[in-house]
Colleague: 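Mind looking over this structure? Questions follow.
Protein chains get the first letters and strands the later ones, always in sequence-line order, with residue 1 at the start of each. These numbers come from a predicted model, not from an experiment.
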Amino acid sequence: MYVSPIREPLIKGEKSYQTITDEISAPIAGKPGPLWYAGITFSTLALLVGLYAMGHTVWNGIGTWGANRTINWGWGITNFVWWVGIGHAGTFISAILLLFRQKWRTSINRAAEAMTIFAVICAALFPVLHLGRPWLAFFMAPYPSTRELWINFNSPLIWDVFAISTYFTVSLLFWYIGLIPDLGTIRDRVTSKGKKAFYKFMSFGWTGSAKHWQRHESISLILAGLAAPLVLSVHSIVSMDFATSLIPGWHTTIFPPYFVSGAIFSGFAMVLTLMIITRRTLNLQQYITVNHIESMNKIIIATGSIVGVAYITELFMSWYSGNIYEQYTFLNRATGPYWWAYWIMMTCNVISPQLLWFKKLRRNLTFTFILSIFINIGMWFERFVIVVTSLHRDFLPSSWSMYYPSITEVGIFIGTFGIFFTLFLLFIRFFPVIAISEVKSVLKSSSEKFIKK
Amino acid sequence: MNEKFKFEKSQKITFILLIVVGLLSLTAGILIYKDHPEKIWSNILLNNYYFLAIALCGIFFVAVHKIADSGWQASLIRIPESFASYIPIAAILMFLIYFGMHDIYHWTHTESLDHILQGKTAYLNMPFFFIRMFIYFALWILVSYGLRRLSIKSDFENDNKHFNKSRTYAALFVVLFAITSSTMSWDWLLSIDAHWYSTMFGWYIFSGALVTSIAAITLIILYLRKKGYMQYITESHLHDLGKYLFGFSIMWAYLWFVQFLFIWYANIQEETVYFVQRLEHFPILFYANVIINLVLPFFVLMSRGSKMKTSILATIAAIILIGHWIDLYLVIMPGSVGNSASVGFLEIGLSIGYAGLFLYVIFNSLTKASLVPVNHPFLEESLHYET
Amino acid sequence: MDNYWQSIEEYGKDPKELDRKAEFTEENHPLAEMFDKSIINAPASRRNFLKMFGFSIATATVVSSCKNSVNKAIPYLIKPEEITPGKATFYASSYMDSSDYCSILVKTREGRPIKIEGNTLSSITKGGTSAKTQASVLSLYDTERLQNPIAKGTEKSWNEIDKDIIKELNKISSDKGNIVLLTSSIYSPSTKKVIEQFRKKHNSLKVVNYDPVSASAIILANKNTFNKALIPSYYFNKAAVIVSFGADFLGTWISPIEFTRQYVQNRKLTNGEKTMSRHIHFETGMSLTGSNADKRIPIKPSDEGIILANLYNELTKITGAESFSTPESPVNIKEIANELLNNKTKSLVVSGSNNLSNQILVNAINNLLGSYGNTIDLNTPFLIKQAIDSDFNSLVQSMNEGSIDALLIYNANPVYNSFISSSFITGLEKVPLKISFASTLDETASLCDYVCPDNHYLESWNDAEPKKGFYSLMQPTIANLFNTRQFQESILTWAGNTTKYHDFIQSVWEAELFPKQEMPLFRNFWNKSLQDGIFEVQPVKASQPEFIDSFTKPAIDKLASNQNEAGFEISFYEKVSIGNGNQANNPWLQEMPDPISKIVWDNYANISPKQAKELNLKNGDVININHTIQLPIFIQPGQAYQTLSVAYGYGRTKTGKVGNKVGENVFPLPTIKEGCIQNTLLNVAVSAIGFNHPLAMTQTHHSMEGRKIVRESTLEKYLEDPKSGNEYHFEIEEESTSLYKNHPTEGHHWGMVVDLNSCIGCGNCVIACQAENNVPVVGKEEAMKNREMQWIRIDRYYNGDPENPETVFQPVMCQHCDNAPCENVCPTAATNHSSEGLNQMIYNRCVGTKYCANNCPYKVRRFNWFDYTNADAIPANTHDVAGMTVDLKRMVLNPDVTVRAKGVMEKCSMCVQRIQEKKLDAKIEGRPLKDLEIQTACMQSCPSNAIIFGDMNDKKSEVSRLMHNERNYHLLEELHVLPSVGYLTKIRNKKA
Amino acid sequence: MKRTNNYITAYFEDDDDLKVGIKSLLEKKVTIHDVLTPFAVHGLDHLLNFKRSRIPKVGFISGMVGGVSTLLFQTWVFTKAWPLNIGGKPFFALPSFIPVTFELSVLIAAFGMIAAYFISSNIGPGSKNVIYDERVTDDRFLIIIDLEKDNSINDKEKIKEILKEIGAKGITIKE
């Protein structure tokens with residue numbers, strides 16, 4: 001495959017196939033450092049806080065949250081949408097970038113996909129926890145019950161159940177299919193008996209046969225083809241939880257594509273946050289280069305701008321509609337009691353990413369790191385603005401109210417961070433963070449060593 | 001590698017004949033539909049929009065690939081680049097609408113507006129409408145010509161400086177088009193049904209235009225290949241164009257569907273009125289729209305083989321061109337002409353005329369430069385491209 | 001709480017004696033359909049086996065899926081004659097709580113009273129009720145009620161206590177000591193006779209009437225000007241112009257249920273009426289009545305007299321009578337005077353003031369207007385309020401002087417609610433024998449030697465004569481829950497009379513009332529009266545009495561000298577819900593949103609928006625009033641500038657867990673003047689103390705934001721075009737489109753129409769609904785989080801100048817939309833549409849996503865955030881601030897309505913249980929349903945008949961007729977959700 | 001295709017060398033039993049004349065089955081099993097059925113393909129495939145030539161020769 005000389009190398013340093021194997025599997029073979037232990041302790045603590053808060057919620061009722069008769073969803077659904085959104089980058093990177101043949105994806109797709117799966121796990125907690133009777137969540141499954149009553153296929157929540165579970169399953173399968181060859185690599189390198197047995201089981205008997213590779217490539221491509229519309233569909237369907245309703249600020253047709261781009265936007269921000277730390281702590285700077293960061297920043301600015309256009313479209317249309325409820329909702333967003341949430345969202349999501357038009361900033365790691373955290377915050381507030389400010393002042397002013405989160409809700413949110421980071425830390429400890437075989441496959445076309453030749 | 005396109009006489013005559021067909025049906029239309037000027041004007045608007053959108057999305061295609069550092073398309077980029085030359089013609093044609101404003105746009109009847117439309121006059125008023133139109137065209141022409149000029153320039157100087165400069169232009173165009181693609185559809189299409197609104201509208205119209213434009217690019221490439229040009233365009237390139245057609249058709253259908261779904265679901269009368277009219281009075285076109293633009297491309301282009309096969313790709317691209325014409329017809333006609341709108345000689349004839357004009361302009365423009373951007377930094381990648 | 005009698009029949013019977021023959025004999029028993037005789041008696045065939053098998057499996061499933069086992073269900077072994085399990089029995093009775101009176105029907109199920117409904121046969125209340133009436137059934141099951149008589153702090157038996165008391169009373173009588181019965185106004189003829197019996201034995205007995213919020217000034221004014229110490233009848237229905245000076249006659253003044261019926265009669269426009277009464281209201285704070293006025297003028301309390309005097313003068317100018325010099329009126333009353341005079345004999349001026357001069361002037365004005373004999377009737381006086389405040393004052397004096405030897409306190413709680421509470425307490429210490437008849441150990445009873453707990457009125461026999469010639473009966477609907485005894489029986493016992501009070505009443509009626517009618521047999525008369533609940537004699541015709549005008553000038557002079565009161569003025573008022581605080585321990589009433597402020601569980605100082613701005617106060621900021629009392633402020637639009645209004649009835653200390661320490665007691669604040677407690681306080685010092693006491697409001701936003709929510713017009717415009725104000729409805733109807741056809745309804749299509757012109761916003765329906773539908777009580781904390789549970793709410797909006805806005809009320813319940821947005825989004829289909837057009841909830845299918853509530857544009861869905869009802873399986877998580885889940889209080893639950901568990905959504909069902917009941921009745925009787933036969937709880941309770949429920953598929957029904965009225969519209973109809981509830985525009989009688 | 005117990009293995013250390021090696025082996029009519037590589041070497045399938053994988057077809061069929069049956073199921077539930085009036089929507093609420101239909105098409109397609117992949121490749125939880133060389137998953141490109149199955153050349157020494165010629169390393173004969 002010919003590669004234009006003006007392209008920057010994706011793999012730095014003098015790498016051979018073996019050095020790739022060695023460097024990427026180093027964290028698994030070696031002992032973790034004190035940073036890792038500190039991290040896992042913190043995240044486990046957060047997880048325990050979350051578990052307590054969840055138990056409290058289920059035991060005493062959803063009244064332990066701050067919602068009320070007007071704002072029936074608060075942090076719970078905000079967090080849900082936020083986490084699902086974050087869970088979009090991984091599959092987007094693996095699927096859509098695979099279809100578009102973006103080679104820079106190979107260094108980050110594995111970790112991004114893992115992040116996707118963990119984020120979806122965190123997200124999926126909320127729809128269950130926010131139920132009044134979570135132990136009856138199985139009522140939402142289409143099983144033949146003695147009541148002969150099925151589920152309501154008209155409900156976007158049912159669509160959600162199917163969308164999230166499909167997304168989770170397919171993402172997991174996709175991720176694991178990609179992992180199998182690399183787990184084989186690890187299997188063949190670890191020495192301790194226990195580890196060997198573990199990776200032997202996990203690698204599903206991978207041999208590296210050409211026939212298998214052919215099928216592997218084929219299934220990866222088709223799964224990518226399936227996962228690509230799936231990524232779009234999941235956040236589209238999440239957006240339908242809002243857009244099918246009548247509530248001004250929710251009922252708007254632009255939601256699906258706007259949610260999807262917002263999700264990818266926030267997902268990439270989270271990938272950046274994690275990867276900037278991971279590459280440093282695991283010494284992967286030569287695989288996850290500034291070039292990778294810049295590529296991701298380009299996606300950030302693209303999706304961020306799409307989100308910005310959507311904000312403005314919504315704002316304009318609310319005025320243009322001549323519908324007093326729409327008009328009031330948007331006026332209220334910007335100037336009502338939750339004005340600060342709206343402006344945090346605007347600043348973090350629309351204004352701050354515009355700085356990425358400057359190449360210097362795009363390639364500045366510190367700046368990117370700070371910006372990615374800004375975006376994570378901004379995107380959380382976007383969902384908060386949509387969920388809470390739309391509901392808190394809807395049609396009948398008599399029922400308008402305010403929403404204040406409870407300590408329990410905060411605890412659960414902290415808990416999901418605990419789950420997320422615990423899983424992520426375990427992942428980087430036991431699984432190859434970078435797709436070893438995929439990096440090897442682009443070594444000759446995109447590494448510094450070979451391009452120079 | 002320098003390949004020059006020659007605009008043959010026979011081609012010129014064919015295109016001029018097409019234009020004559022268009023002019024004849026327009027004249028006949030004017031005579032027959034004396035009392036229905038809205039029919040004439042709506043057809044002009046439809047074709048104005050349809051071909052302008054093809055041209056703009058062609059430039060968008062160029063710009064996006066440029067800023068994405070995409071390599072595979074470098075060898076075929078001259079085709080969409082040439083679309084820039086149609087934009088000034090489209091501008092002239094669009095400004096003609098001035099004389100038909102009252103027949104198309106209800107909101108121009110300022111003497112009889114209800115309170116909702118009165119509330120919109122800050123945006124929907126004649127002066128501002130034309131100021132916006134002027135700004136759109138001015139910017140589009142400026143940037144698209146800039147892009148094309150830089151691209152051609154680089155043919156003569158083997159230096160990446162033009163390429164790098166054109167990246168800035170490309171970024172500029174993408175940003176510009178991100179905004180204007182929506183506003184132009186609000187101005188020219190959405191305001192026909194002046195009471196109705198949908199936040200999705202701009203993106204939905206844009207996605208349709210993008211598919212149309214890719215179909216047009218594909219067809220022109222296939223035609224040129226048949227004529228013996230561009231033999232370096234391989235199955236791999238066609239596969240990618242086919243994937244685009246497939247993908248963006250689904251994208252269009254997705255946007256069309258969710259817009260319909262939400263309105264159907266909530267069933268709020270101020271929104272449903274749009275679809276109720278189209279479903280009640282244009283059921284055949286309504287369903288044909290979905291079948292032609294989603295079902296056909298989906299099943300036909302799903303397999304790898306059909307995307308690479310010239311005959312299938314050409315047929316489906318042509319069908320998609322017709323399909324999105326129907327889509328646009330459904331957007332415009334029920335609002336401006338009303339329930340009596342139909343597809344007749346005027347609709348077909350005028351569109352043929354516009355097609356002739358468009359092709360004439362494009363082919364003429366293709367003669368101005370090599371079909372291969374010889375010094376394009378990714379040209380080699382494109383020529384060695386394989387899926 | 002261990003065992004309570006589940007029914008009268010259980011009480012006192014040994015289960016062993018019970019025979020089991022009569023079980024389930026009733027033919028029309030609803031369950032009979034299930035136990036089809038053909039199945040039970042059929043021989044065991046395979047088919048029948050399978051049927052029964054299926055049934056038992058279904059039962060087993062149901063039983064095993066019920067997580068809480070029912071372990072206290074005891075079946076009837078002998079079915080009492082009048083009780084059918086599953087079928088309600090109604091008893092006519094009377095609600096009497098000091099001066100509150102209402103003729104009622106008591107709905108009992110399996111021997112338990114569960115609901116109060118209005119008695120349509122009464123020509124006073126005409127089937128109307130008040131919130132306090134509706135809630136009184138819960139007071140029956142109050143856990144604070146005394147279960148035994150108490151003597152000096154210990155529980156005793158009645159025999160013991162009677163012996164002691166009789167001994168002490170006899171001793172006092174023989175020592176020529178003074179015995180005083182301190183009681184709220186007694187308007188029961190038989191009770192009066194009982195007291196006479198007692199007096200025969202104890203001659204010194206003196207009865208002192210005591211009403212915490214009295215009508216002394218009216219009584220005294222009438223004594224002065226007509227030589228008749230009484231409260232006359234008022235006929236608001238005969239008045240074309242009503243001018244009220246602070247008389248909250250729709251809410252709390254004298255006989256609000258009656259007045260509401262009268263008032264609304266003249267304001268309905270649903271039957272082609274062309275006129276409406278005009279209502280002008282002067283007042284300090286925004287009252288329920290003031291908020292309904294066509295023209296409302298906020299005034300300081302001290303200005304009322306001046307305005308009255310000026311009005312008097314203005315009238316005399318026109319009529320030519322003598323006028324007197326007065327200070328200048330702060331408001332222009334010229335126009336009002338003209339309006340009044342133009343409607344001479346058809347106008348009515350009333351005042352709620354307890355100031356004698358004011359009331360004399362009101363009488364003088366009414367006299368000039370020819371109201372007497374027309375809109376005011378001195379011949380049929382009210383008897384419900386008889387107290388003169390000075391009587392109590394002198395009693396306290398005598399007590400402090402030590403000249404009272406025995407004090408019997410019945411239906412009065414002066415320690416809590418008198419303006420001289422502290423001297424009453426010191427006086428009480430000097431009374432050797434203090435007997436209370438309070439049913440709880442309240443503030444006064446706890447200071448008494450003996451407490452002889454009275455029955456609850458639902459356990460009692462009694463009669464009443466609230467208005468002269470209008471008699472009604474009270475009968476027990478349940479056996480005594482506790483070892484209590486009616487006051488009358490105690491008195492009779494102590495008087496040495498062994499007659500049962502029931503027999504005593506009969507003898508009184510036989511002697512006094514039987515002759516006044518034509519039935520030949522007393523037995524028949526008695527049964528008829530008992531069945532009807534009332535007996536009314538033809539009233540004496542109203543006549544124009546002679547007016548003694550010598551009091552007018554002194555009254556005006558007195559007003560003139562009272563001038564120049566600067567600074568803050570407080571006006572005290574009663575709330576529609578809590579009133580004088582007697583039922584403060586009733587959680588339904590505490591949680592009933594105040595009709596105006598929409599605040600629950602509190603009292604507060606209302607302050608005008610302008611004033612609050614000046615003082616830099618926000619809602620809930622606590623102020624110090626005269627350095628004696630601290631109250632949070634509430635910014636009340638329409639409150640007169642430089643005034644405060646504070647409600648009585650709060651700040652109780654010994655009423656029980658629910659009512660204790662809710663708000664502050666302001667009864668001690670007012671002063672007495674000319675024998676009347678003023679209900680105002682002038683020249684008040686107010687200072688903020690920098691502390692905020694959050695108030696729980698169920699509505700926090702008060703403007704309609706220009707939305708077409710409540711549509712209104714003026715009478716003038718309405719007469720020109722009945723569609724006026726409702727043009728939008730026709731616009732929407734015209735543009736109505738849909739992407740799908742409606743599902744047809746089978747048979748019935750239930751609908752409701754609310755006439756916004758009739759609705760006065762009293763909130764009675766809220767409590768009626770709460771009682772009918774087992775709606776939980778959530779408490780102040782939850783209410784502050786906007787988690788109130790009431791299924792129907794009254795939205796109240798202000799319009800215009802915040803210093804004196806126009807007010808509209810709009811009852812909002814589930815609109816039962818045919819395109820219900822809530823149904824679409826429920827993942828489990830737990831809410832869907834019935835074939836009769838009802839939006840129904842399947843509680844046990846609900847998982848609690850709350851999406852339905854989000855998507856409800858009306859926000860009428862209510863969620864069980866916590867385990868309010870103790871109905872879920874998880875232990876130790878009940879959230880019950882009002883003790884509603886204790887067994888005793890659960891007796892009030894309506895067995896026809898599911899008690900909802902934690903995590904379940906609920907909402908108005910349009911009383912589907914009532915619909916089903918009446919449908920079944922009609923089916924059993926083999927006839928079609930009659931229009932208006934089904935009455936939802938809200939409709940039934942409405943004193944203004946503002947709510948009409950019926951079948952929209954029946955073209956002749958009232959609801960169909962009103963749905964086609966030009967004034968009808970649907971709330972948020974532009975959303976095309978197709979509600980089944982319609983609203984009729986509000987019409988104001990004002991110049992545009 | 002099962003391997004017999006009589007075979008030769010040899011490896012290359014570079015993918016380009018491997019490709020050249022395979023080409024010459026094939027030219028010399030040596031039937032290659034299998035090639036084991038650390039990553040998917042581009043063009044190897046063409047070189048070894050593999051047929052196109054049928055996994056996409058499995059995916060298409062299972063996706064269609066999933067989609068159609070989901071649509072039919074939803075229709076049955078709402079129009080036959082228990083038609084409920086939900087928000088006044090038609091019983092056959094096609095637009096509402098699309099999302100779930102789409103999701104289940106994807107899910108079942110993914111399941112179908114992965115099942116096909118695992119079964120056809122004999123990989124999966126608990127699979128016990130032979131590991132020829134642990135460095136195959138690192139940096140070695142291993143060629144396996146089955147001696148019994150191969151009819152054209154039975155002389156293992158000759159094959160060894162050829163392998164040596166093309167620069168293969170670590171030539172091992174297993175019997």
Colleague: Which heavy-atom pair separates Asn819(C) from Gly88(D) by the least distance, and what is that distance?
Modeller: OD1-CA, 3.6 Å

Colleague: Quick one: what part of Asn832(C) sits under 4.5 Å from any heavy atom of chain D, side chain, backbone, both or neither?
Modeller: both

Colleague: Take a 6.0 Å sphere around NZ of Lys57(D) and say whether it holds more than 12 heavy atoms from other residues, nucleotides or ligands.
Modeller: no

Colleague: Sort Leu84(D) into side chain, backbone, both or neither according to what part of it lies under 4.5 angstrom from a heavy atom of chain C.
Modeller: side chain

Colleague: Please indicate whether Lys741(C) has more than 12 foreign heavy atoms, meaning atoms of other residues, nucleotides or ligands, lying under 6.0 Å from its NZ.
Modeller: no

Colleague: Counting heavy-atom pairs closer than 4.5 Å to chain C, which one of Ser96(D), Ala93(D), Pro90(D), Gly87(D) comes out on top?
Modeller: Gly87(D)

Colleague: Just verifying a value: how many Å separate Asn742(C) CG and Asn85(D) CG, rounded to the nearest 0.5 Å?
Modeller: 8.0 Å

Colleague: Determine the minimum heavy-atom distance between Lys89(D) and His743(C), stating which atoms define it.
Modeller: O-NE2, 2.6 Å

